[in-house]
Amino acid sequence: MQDQAQPKNPKNDKIGTAARIWRAIDKVAIATPPRSPEREAEYRARQELRKVVDEAGET
């Protein structure tokens, strides 16, 4: 079995991590009514994902 290769760009790893966190929270938020804590958590996670992606583009 091959070892997993380290990401060539650590910024991509941060994006992937932020995306996985957002998606897990998003799945919960989809099943909840508007203005619930879960929806607010999804909004905050999406904002963080947006920030990480924007920072990765600034090279």
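Just the heavy atoms: all of them, side chains too, but no hydrogens, waters or symmetry mates, feed the values below.
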Members sharing Ile25's hydrophobic cluster (side chains within less than 4.5 Å): Ile21

ILVMFWY clustering at 4.5 Å (side-chain atoms), partners of Val52: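 Answer for Val52: Ile15, Trp22, Leu49, Val53.
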
Which residues share a side-chain hydrogen bond (donor to acceptor under 3.5 Å, both in side chains) with Thr32, sequence neighbours left out: Ser36

Results of side-chain hydrogen bond (donor to acceptor under 3.5 Å, both in side chains) for Arg44 - residues two or more places apart only: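 side-chain hydrogen bond (donor to acceptor under 3.5 Å, both in side chains) list for Arg44, sorted by chain: empty.
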
For the student: nearest non-hydrogen atoms of Glu42 and Ala29, plus distance: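 Scanning both residues completely, I find the closest heavy atoms to be CB-CB, 3.7 Å.
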
Rounded distance (nearest 0.5 Å) linking atom CZ of Arg46 with atom CD of Glu48: 13.0 Å

Residue pairs passing the salt bridge (Lys or Arg N to Asp or Glu O under 4.0 Å) test where at least one lies in residues 18-35, sequence neighbours excluded: Arg23-Asp26

